[in-house]
Protein chains: 2
Amino acid sequence: MQSYTEENYLKTIYHLAEKTTNVQTNAIAEQMQTKPASVTDMIKKLAEKGLVDYIKYQGVTLTEAGKNTAVDIVRKHRLWEVFLVNKLNFKWDEVHDVAEELEHIKSIELIERLDEFLGFPKADPHGDPIPDKNGRFAKTQFIKLIELKIGDSGTITGVSQHSSAFLKHLEKLGLTLGKQIQISDITDFDGSVEIKLSDKQINISREVAKHILISSNGKN
Amino acid sequence: MQSYTEENYLKTIYHLAEKTTNVQTNAIAEQMQTKPASVTDMIKKLAEKGLVDYIKYQGVTLTEAGKNTAVDIVRKHRLWEVFLVNKLNFKWDEVHDVAEELEHIKSIELIERLDEFLGFPKADPHGDPIPDKNGRFAKTQFIKLIELKIGDSGTITGVSQHSSAFLKHLEKLGLTLGKQIQISDITDFDGSVEIKLSDKQINISREVAKHILISSNGKN
DNA sequence: AAAAATTTTTAGATTTACCTAAAAATTTAA
DNA sequence: TTAAATTTTTAGGTAAATCTAAAAATTTTT
């Protein structure tokens with residue numbers, strides 16, 4: 001059994017490893033709002049427990065066991081987010097911090113029943129996939145909105161940025177999960193994207209378009 | 001803000017204070033599965049924070065602030081128990097340990113929304129009253145089943161013993177919350193009680209009868 | 001390929017919540 | 001009302017997770 005803190009380290013390493021192969025001490029420290037010296041200490045401990053592979057000065061990678069724990073926490077986090085949004089009417093930009101606490105509740109029974117209660121959701125309120133109880137993720141086929149061409153259409157199925165500011169902005173624009181969109185124009189000047197929604201036409205910046213994920217329903 | 005451990009001490013002191021006025025060091029130690037020396041340390045800390053009044057060798061009492069925190073934790077614990085039983089189909093003897101963890105999740109918003117989601121329940125799955133968000137308990141009028149006379153009837157509305165063994169036993173006998181009962185006889189020999197339920201007649205020991213709480217609907 | 005900059009680790013402390021063993025205070029019993 | 005038993009506290013220590021400051025290793029730049 002891991003401590004609350006160990007679980008957080010494993011989760012952080014897991015997420016960082018999605019971007020870079022070798023996860024660096026400083027990156028972990030920054031993410032966890034702590035100091036590199038503290039990270040080194042913890043990494044040694046996790047290595048002794050067989051949860052990470054660690055070579056001095058070379059960064060860390062999760063072992064199979066460490067990855068399993070991390071995925072399990074990700075699963076819990078995302079299921080709780082679904083609960084908060086679908087059952088307790090939280091907004092998608094309000095759930096992260098609470099889920100951060102709830103993800104450490106230890107009962108396996110609890111999570112399996114929660115999963116069932118929620119109808120075995122495949123994605124959380126931001127479109128991030130929820131692993132099943134065996135740690136398997138459903139295959140997802142996302143394209144960044146920015147990569148679409150004029151005339152392409154699809155459904156908003158996720159975001160790759162979870163800040164409250166960004167999510168509130170999308171909400172205001174009416175760009176929420178499940179919405180159908182079509183690219184009507186791409187502005188030469190600033191690369192901003194003109195989008196047709198069912199009921200209106202809007203313009204979004206490149207920066208916003210980068211972080212919206214689309215499941216395409218065919219090019220044109 | 002209190003730590004997880006501090007919250008548990010306050011909760012334990014609160015519950016012990018329901019039985020004895022002056023809560024003793026040893027009693028706390030036993031309840032918390034720790035040593036008296038550790039309790040003394042923690043009590044000093046809580047006293048410094050103004051959460052308990054403490055005189056050496058004389059035991060502790062909660063201050064107003066300490067009591068507020070304790071009641072808040074009791075509220076959270078009992079609401080989560082309702083959630084587990086009513087929404088996730090846990091049995092009433094399975095919920096305590098998980099609720100023990102969930103009660104420390106810090107978001108006020110979460111608890112208010114959970115309360116609403118559950119329909120503002122007044123009691124947990126064992127019949128224990130749930131304080132409202134201002135810490136006020138609904139008035140409850142319980143009589144111990146053992147105190148009823150032959151011919152008296154009422155509704156099972158609570159239990160004063162939460163062990164899994166006891167709860168499982170009640171379940172098997174069909175003595176669950178909400179059931180209508182009438183006392184048909186009290187055995188001279190061993191004080192065991194003969195009870196009429198809607199569909200059957202059963203006999204329970206004095207020991208069991210002591211821990212069943214009845215809201216009476218009139219003597220006969 | 002040195003020098004400079006950056007990253008990482010080590011060394012030594014601190015805080016929280018524990019512990020054991022022994023001393024002190026209180027309560028109970030003779 | 002002493003003596004014995006019990007309860008509580010003190011003193012001194014430990015383990016987990018942190019920290020700062022300085023040393024060591026690595027990477028980047030010139």
Side-chain angles (χ1 to χ4, degrees), chain A residues 1-17 19-62 66 69-70 73 100-101 103-104 106, chain B residues 1-17 19-62 66 69-70 73 100-101 103-104 106:
Chain A
M1 194 79 286
Q2 285 80 232
S3 75
Y4 186 106
T5 309
E6 285 168 358
E7 288 186 351
N8 278 335
Y9 270 92
L10 292 172
K11 185 184 59 165
T12 297
I13 295 166
Y14 176 80
H15 285 309
L16 289 171
K19 299 185 173 182
T20 54
T21 343
N22 247 49
V23 179
Q24 302 197 111
T25 305
N26 272 359
I28 299 170
E30 193 193 3
Q31 192 67 33
M32 300 209 49
Q33 311 247 62
T34 185
K35 304 288 153 159
S38 309
V39 174
T40 302
D41 284 351
M42 180 55 84
I43 286 172
K44 281 183 187 166
K45 190 176 160 191
L46 293 173
E48 263 171 42
K49 289 194 175 189
L51 296 163
V52 300
D53 290 320
Y54 167 57
I55 305 165
K56 269 189 196 174
Y57 296 97
Q58 300 303 127
V60 283
T61 51
L62 293 174
T69 303
I73 296 162
E100 206 78 342
E101 288 192 63
E103 71 191 8
H104 298 290
K106 284 190 290 288
Chain B
M1 193 80 286
Q2 286 79 232
S3 74
Y4 186 106
T5 309
E6 286 168 357
E7 288 185 352
N8 278 334
Y9 270 92
L10 293 173
K11 185 185 59 166
T12 297
I13 295 166
Y14 176 81
H15 285 309
L16 289 170
K19 299 184 174 182
T20 54
T21 342
N22 247 49
V23 179
Q24 302 197 110
T25 305
N26 272 358
I28 299 170
E30 193 192 5
Q31 192 67 33
M32 300 209 48
Q33 312 248 62
T34 184
K35 303 289 153 158
S38 308
V39 174
T40 302
D41 283 352
M42 180 55 83
I43 285 172
K44 281 184 187 165
K45 190 175 160 191
L46 293 174
E48 262 170 44
K49 290 194 175 188
L51 296 163
V52 300
D53 290 318
Y54 166 58
I55 307 166
K56 269 188 194 175
Y57 295 98
Q58 300 303 127
V60 283
T61 51
L62 293 175
T69 303
I73 296 161
E100 205 79 343
E101 287 192 64
E103 71 190 8
H104 299 289
K106 283 189 292 287

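In what follows, every chain begins at residue 1, and chains take the letters A, B, ... in the order their sequences are listed.
Rounded to an integer number of Å, the gap from OH of A:Y4 to C1' of D:dA15 is 20 Å. We find that CD of B:E6 is positioned 10 Å from P of C:dC18, with the value rounded to whole Å. Whole-Å rounding puts the A:Q33 CD to D:dC19 P distance at 10 Å. Rounded to whole Å, the distance from CD on A:Q58 to C1' on D:dT26 is 8 Å. Remark: C1' of D:dT7 and CD1 of B:I43 are 12 Å apart, rounded to the nearest angstrom. Spacing between atom CG of B:N8 and atom P of C:dT16 amounts to 17 Å, rounded to whole angstrom units. A:E7 has its CD atom 15 Å from the C1' atom of D:dA16, to the nearest Å. The distance between atom CG of A:D41 and atom P of D:dA16, rounded to the nearest whole Å, is 12 Å.
Not a single donor-acceptor pair under 3.5 Å links the side chain of A:S38 to the backbone N or O of A:T34. Side-chain atoms of B:T21 do not come within 3.5 Å of backbone N or O of B:A17 as any donor-acceptor pair.
Residues that satisfy the salt bridge (Lys or Arg N to Asp or Glu O under 4.0 Å) test with B:E100, not counting sequence neighbours, are B:K11. Scanning for salt bridge (Lys or Arg N to Asp or Glu O under 4.0 Å) contacts around A:K106 gives B:E101, with sequence neighbours left out. B:K49 is linked by a salt bridge (Lys or Arg N to Asp or Glu O under 4.0 Å) to B:E6, counting only residues two or more places apart in sequence or in another chain.
DNA chain D contains the following stems of three or more consecutive Watson-Crick or G-U pairs, with both distances under 3.5 Å: C:1-30 with D:1-30.
DNA chain D is contacted by B:Y54 of residues 47-55 of chain B, taking any non-hydrogen atom closer than 4.0 Å. Of the residues in residues 20-32 of chain A, not one comes within less than 4.0 Å of DNA chain D through any heavy atom.
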Between the protein and nucleotides 20-25 of chain C, list every N/O to N/O distance that falls short of 3.5 Å.
from: C:dA25; atom 1: O4'; to: B:Y57; atom 2: OH; distance (Å): 3.4

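A:A70 and A:L10 get closest at one heavy-atom pair: CB-O, 3.8 Å. Scanning both residues, A:P36 and A:N26, for their nearest heavy atoms gives CG-OD1, 3.2 Å.
Checking C:dC18, C:dT9, C:dT26 against every side-chain atom of B:Y9, the shortest atom distance belongs to C:dC18.
Side-chain nitrogen and oxygen atoms of A:T34 include at least one within less than 4.0 Å of the OP1 or OP2 phosphate oxygen of D:dC19.
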*Start with the C-alpha gap between B:E103 and B:N8, add the side-chain angles, then the distance that decides, and say whether side-chain contact (heavy atoms from CB on, under 4.5 Å) holds.*
CA-CA 10 Å; B:E103 71 190 8; B:N8 278 334; 3.6 Å; yes
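Between the CD atom in B:E48 and the CD1 atom in B:I43 there is a gap of 13.0 Å [rounded to 0.5 Å].
Taking the side chain as every heavy atom from C-beta outward, A:L46 and A:M42 approach each other to under 4.5 Å.
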Sequence neighbours excluded and cut-off under 3.5 Å, please list the side-chain donor-acceptor pairs for residues 50-61 of chain A, or say none.
none

